Amino acid sequence: MEQQSRRDDRVITIFLVFWAVLFGSIARLIPALGGFMPVNDGGLFYSMARDIQAAQFSLPSYASFNQAGIPFAYQPISLYLAAWGDRLLPLLQFVRWLPPLISSITILAFFVLSRSLLKYEYQAGLATVAFATLPAAYDLTIAGGGLTRAFGLLFSILTLHFSYWLFRTLQRRYLVMTVLMASLLILSHPIAAVHTVLSVFVFWIYFGRTIKATRKALLVAILTLVLTAPWWLTVVSRHGITPFMNAMRSGV
């Protein structure tokens with residue numbers, strides 16, 4: 001009976017996740033079909049990708065957007081991806097389609113995290129359906145500005161998933177993956193990084209208050225800072241910490 005119940009739960013979960021991915025992706029992609037431009041915003045990031053191309057893929061000192069003298073201090077990974085992707089697809093269309101595509105992939109990442117945290121698979125499936133279909137979960141990530149927000153949310157969820165298992169198992173593979181996802185997060189979106197650090201701290205309170213787990217957490221922090229240092233040290237050397245402080249107050 002127990003085995004049959006597990007099989008039934010698995011079938012229900014597969015159906016729920018399939019439903020979530022299908023209709024969640026449709027909800028995310030339909031707005032991009034409504035015109036030839038990115039949804040709502042994205043002009044700044046389009047311009048910054050062009051700046052990267054103009055600088056021969058080195059990190060520019062300032063963004064040319066509106067000739068406003070904005071320090072080029074924004075997390076660069078998605079901007080570099082867009083600048084490189086212009087070789088395959090016109091940059092404007094890259095900024096239009098990549099955010100909803102990454103946002104759709106995030107649905108699966110959310111299920112993976114939910115399955116780790118919840119007792120039963122079907123509960124994770126139900127949570128994923130809610131995440132996939134609630135507009136508040138994706139409205140900012142599918143716009144042109146989602147070029148950075150969508151990546152930030154994706155790497156935030158994956159960082160939480162691997163950090164959870166790091167605290168529970170202390171295995172090296174989870175340490176490596178946590179460092180990798182956290183580094184990609186730091187290079188993707190400022191506010192998502194802050195929220196994730198706070199969430200990982202909550203995980204540490206519940207699952208990691210041991211000497212070994214705390215050491216692992218500190219090692220993750222140190223290695224993440226080291227891996228992302230080429231970017232943030234360059235920005236600090238050029239502009240100081242003011243751009244980062246301003247980003248923390250922006251809320252987006």
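Just so we're clear, the structure is a prediction, and the values are computed from it rather than from any experiment.
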**Q** Report the residues that fulfil side chain to side chain contact (heavy atoms under 4.5 Å, CB included) with Phe15, sequence neighbours left out, ordered by chain and then residue number.
**A**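 Only Trp19 meet the side chain to side chain contact (heavy atoms under 4.5 Å, CB included) criterion with Phe15.
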**Q** Are Leu98 and Leu81 close enough that some pair of their side-chain heavy atoms sits under 4.5 Å apart?
**A**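 Yes, close enough: below the 4.5 Å cut-off.
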**Q** Under a 4.5 Å cut-off applied to non-hydrogen side-chain atoms, are Val17 and Leu108 in contact?
**A**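 Sidechains of Leu108 and Val17: in contact.
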**Q** If we only count heavy atoms from C-beta on, is the Phe203 to Leu117 side-chain gap below 4.5 Å?
**A**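 In short, these two side chains touch, coming nearer than 4.5 Å.
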**Q** If you compare all heavy atoms of Ala82 against all heavy atoms of Leu91, which two are closest, and at what distance to 0.1 Å?
**A**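 Shortest heavy-atom separation between Ala82 and Leu91 comes out as O-CD1, 3.4 Å.
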**Q** Please check this pair: side chain of Tyr174 against backbone of Phe167, looking for a donor-acceptor N/O pair closer than 3.5 Å.
**A**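 Flag not set: sc Tyr174 to bb Phe167 has no pair under 3.5 Å.
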**Q** Can you measure from NE2 (His189) to NE2 (His195) and round to the nearest 0.5 angstrom?
**A**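 It is 9.5 Å, given to the nearest 0.5 Å.
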**Q** May I have the step-by-step check of ring pair (Phe, Tyr, Trp, His ring centres under 6.0 Å) for Phe155 and His161, ending in yes or no?
**A** CA-CA 10 Å; Phe155 292 130; His161 169 71; over 10 Å; no
**Q** Would Met177 and Val112 show up in the same hydrophobic cluster when neighbours are defined by side-chain heavy atoms closer than 4.5 Å?
**A**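 The answer is no; the residues belong to distinct hydrophobic clusters.
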**Q** With rounding to the nearest 0.5 Å, note down the distance linking OH in Tyr164 to OG in Ser116.
**A**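 Answer for the OH-OG pair, Tyr164 versus Ser116, is 6.5 Å.
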**Q** I'd like to know if the side chain of Trp204 and the backbone of Ser199 have a donor-acceptor N/O pair within less than 3.5 Å.
**A**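 No; zero donor-acceptor contacts below 3.5 Å.
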**Q** Taking side chain to side chain contact (heavy atoms under 4.5 Å, CB included) as the criterion, tell me which of Leu170, Leu223, Thr169 meets it with Leu175.
**A**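 Passing option: Leu223.
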**Q** Looking only at atom types and distance, does a side-chain atom of Ser58 sit under 3.5 Å from a main-chain N or O of Ala55, one as donor and one as acceptor?
**A**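 Flag set: sc Ser58 to bb Ala55 pair under 3.5 Å.
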**Q** Would you indicate whether Tyr120, at its atom OH, is surrounded by more than 12 heavy atoms from other residues, nucleotides or ligands within a distance under 6.0 Å?
**A**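 No.
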**Q** Using a 3.5 Å distance criterion without hydrogens, assess whether the side chain of Arg149 forms a donor-acceptor pair with backbone atoms of Leu140.
**A**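 The answer is yes, because a donor-acceptor pair under 3.5 Å joins these two groups.
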**Q** For the residue pair Trp97 and Leu29, establish whether any side-chain heavy-atom pair is separated by less than 4.5 Å.
**A**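 SC-SC contact between Trp97 and Leu29 confirmed.
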**Q** Minimum heavy-atom separation for Ala127 and Leu118, please, with both atom names.
**A**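 Heavy-atom minimum between the residues: CB-CD1, 4.3 Å.
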**Q** Following the transitive rule for hydrophobic clusters with a side-chain heavy-atom cut-off under 4.5 Å over Ile, Leu, Val, Met, Phe, Trp and Tyr, establish whether Val197 and Leu153 coincide in one cluster.
**A**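 No, it is not one cluster - the side chains of Val197 and Leu153 are not joined through contacts under 4.5 Å.
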**Q** What distance do Leu113 atom CG and Thr106 atom OG1 have between them, rounded to the nearest 0.5 Å?
**A**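 Nearest 0.5 Å value for the CG-OG1 distance: 12.0 Å.
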**Q** Pairs in or reaching into residues 76-87: which pass salt bridge (charged side-chain N to carboxylate O under 4.0 Å, His left out), with residues at least two apart or in two chains?
**A**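 Non-adjacent pairs meeting salt bridge (charged side-chain N to carboxylate O under 4.0 Å, His left out): Arg50-Asp86.
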**Q** Would you mind reporting whether Ser47 and Ser64 have side-chain heavy atoms less than 4.5 Å apart?
**A**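 The answer is yes, as the side chains (C-beta and beyond) meet within the 4.5 Å cut-off.
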**Q** Could you give all pairs that pass the salt bridge (charged side-chain N to carboxylate O under 4.0 Å, His left out) test and reach residues 173-193, with sequence neighbours left out?
**A**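 As it turns out, there is no salt bridge (charged side-chain N to carboxylate O under 4.0 Å, His left out) pair with a partner in residues 173-193 once direct neighbours are skipped.
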**Q** Using a 3.5 Å distance criterion without hydrogens, assess whether the side chain of Ser183 forms a donor-acceptor pair with backbone atoms of Val179.
**A**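 Yes; judged by distance alone, with no hydrogens or angles, the pair exists.
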**Q** Kindly say whether the aromatic ring centers of Phe94 and Tyr46 come within a distance under 6.0 Å.
**A**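 No, ring centres 6.0 Å or more apart.
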**Q** Could I get the full list of side chain to side chain contact (heavy atoms under 4.5 Å, CB included) partners for Leu16, not counting sequence neighbours?
**A**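 Scan of Leu16 (side chain to side chain contact (heavy atoms under 4.5 Å, CB included), adjacent residues dropped) gives Ile12, Leu126, Val129.
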**Q** Asp51: what forms a salt bridge (Lys or Arg N to Asp or Glu O under 4.0 Å) with it, not counting sequence neighbours?
**A**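 With neighbours one apart ignored, the set is empty.
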**Q** Shortest non-hydrogen contact from Thr224 to Ala182?
**A**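 Where Thr224 meets Ala182 most closely, the heavy atoms are OG1-CB, 3.7 Å.
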**Q** Considering all heavy atoms of both residues, which atom of Val235 and which atom of Phe72 are nearest to each other, and what is their separation?
**A**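 Closest heavy-atom pair between Val235 and Phe72: CG2-O, 4.1 Å.
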**Q** For the residue pair Arg28 and Phe131, would you count it as a cation-pi contact if the rule is NZ or CZ under 6.0 angstrom from the ring centre and within 45 degrees of the ring axis?
**A**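 Yes, Arg28 lies over the aromatic ring of Phe131.
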**Q** Is it the case that more than 12 heavy atoms not belonging to Ile211 sit under 6.0 Å from its CD1 atom?
**A**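 No, because the 6.0 Å sphere around CD1 of Ile211 holds 12 heavy atoms or fewer from other groups.
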**Q** Donor-acceptor pair, Glu121 side chain versus Thr13 backbone, under 3.5 Å?
**A**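 Not confirmed, Glu121 side chain does not pair with Thr13 backbone.
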**Q** Near Ile241 CD1, under 6.0 Å, is it more than 12 heavy atoms from other residues, nucleotides or ligands?
**A**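 Atom CD1 in Ile241 is not packed in, count stays at 12 or less.
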**Q** Locate the shortest heavy-atom distance separating Val200 from Ser163; write the atom from each residue and the value.
**A**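 Residues Val200 and Ser163, closest heavy atoms: CG2-OG, 3.7 Å.
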**Q** If you group Ile, Leu, Val, Met, Phe, Trp and Tyr by side-chain heavy-atom gaps below 4.5 Å, do Ile52 and Trp232 land in one group?
**A**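 Looking at the clustering, Trp232 is in the same group as Ile52.
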**Q** Identify, with sequence neighbours excluded, every residue that meets side-chain hydrogen bond (donor to acceptor under 3.5 Å, both in side chains) alongside Thr141.
**A**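 Partners of Thr141 under the side-chain hydrogen bond (donor to acceptor under 3.5 Å, both in side chains) test: Ser103.
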**Q** With a 4.5 Å cut-off on side-chain heavy atoms, are Pro190 and Tyr74 touching?
**A**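 Answer yes - side chains close enough.
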**Q** Can you tell me how far the OG1 atom of Thr159 sits from the CG atom of Leu166, to the nearest 0.5 Å?
**A**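 If I round to the nearest 0.5 Å, the distance is 11.5 Å.
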**Q** Is it true that Val176 and Ile222 fall in one hydrophobic cluster, defined by side-chain heavy atoms closer than 4.5 Å?
**A**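 They do not share one cluster, since no chain of ILVMFWY contacts under 4.5 Å joins Val176 to Ile222.
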**Q** Just do the side-chain contact (heavy atoms from CB on, under 4.5 Å) check on Met48 and Leu44 with the steps written out, would you?
**A** CA-CA 6 Å; Met48 293 177 85; Leu44 172 63; 3.8 Å; yes
**Q** Tell me whether Thr148 contacts the main-chain N or O of Gly145 through its side chain, where contact means a donor paired with an acceptor under 3.5 Å.
**A**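 Yes.
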**Q** When you compare the side chain of Tyr206 with that of Val202, does any pair of heavy atoms fall below 4.5 Å?
**A**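 SC-SC contact between Val202 and Tyr206 confirmed.
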**Q** Out of curiosity, does Phe201 fall in the hydrophobic cluster containing Leu160 (side-chain heavy atoms, cut-off under 4.5 Å, transitive links)?
**A**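 Yes, one cluster joins them.
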**Q** What's the separation between atom CG in Leu154 and atom OG in Ser78, rounded to the nearest 0.5 Å?
**A**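 If we round to the nearest 0.5 Å, Leu154:CG and Ser78:OG are 11.5 Å apart.
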**Q** Would you compute the distance between atom OG1 of Thr196 and atom CG of Leu158 and round it to the nearest 0.5 angstrom?
**A**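 Rounded to the nearest 0.5 Å, the OG1-CG separation comes out at 10.5 Å.
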**Q** Could you tell me whether the side chain of Leu59 reaches within less than 4.5 Å of the side chain of Tyr80, counting heavy atoms only?
**A**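 Heavy-atom side-chain distance check passes, below 4.5 Å.
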**Q** Looking at every heavy atom in both Ala49 and Ala83, which two are closest together, and how far apart are they?
**A**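 Closest heavy-atom pair between Ala49 and Ala83: O-CB, 3.6 Å.
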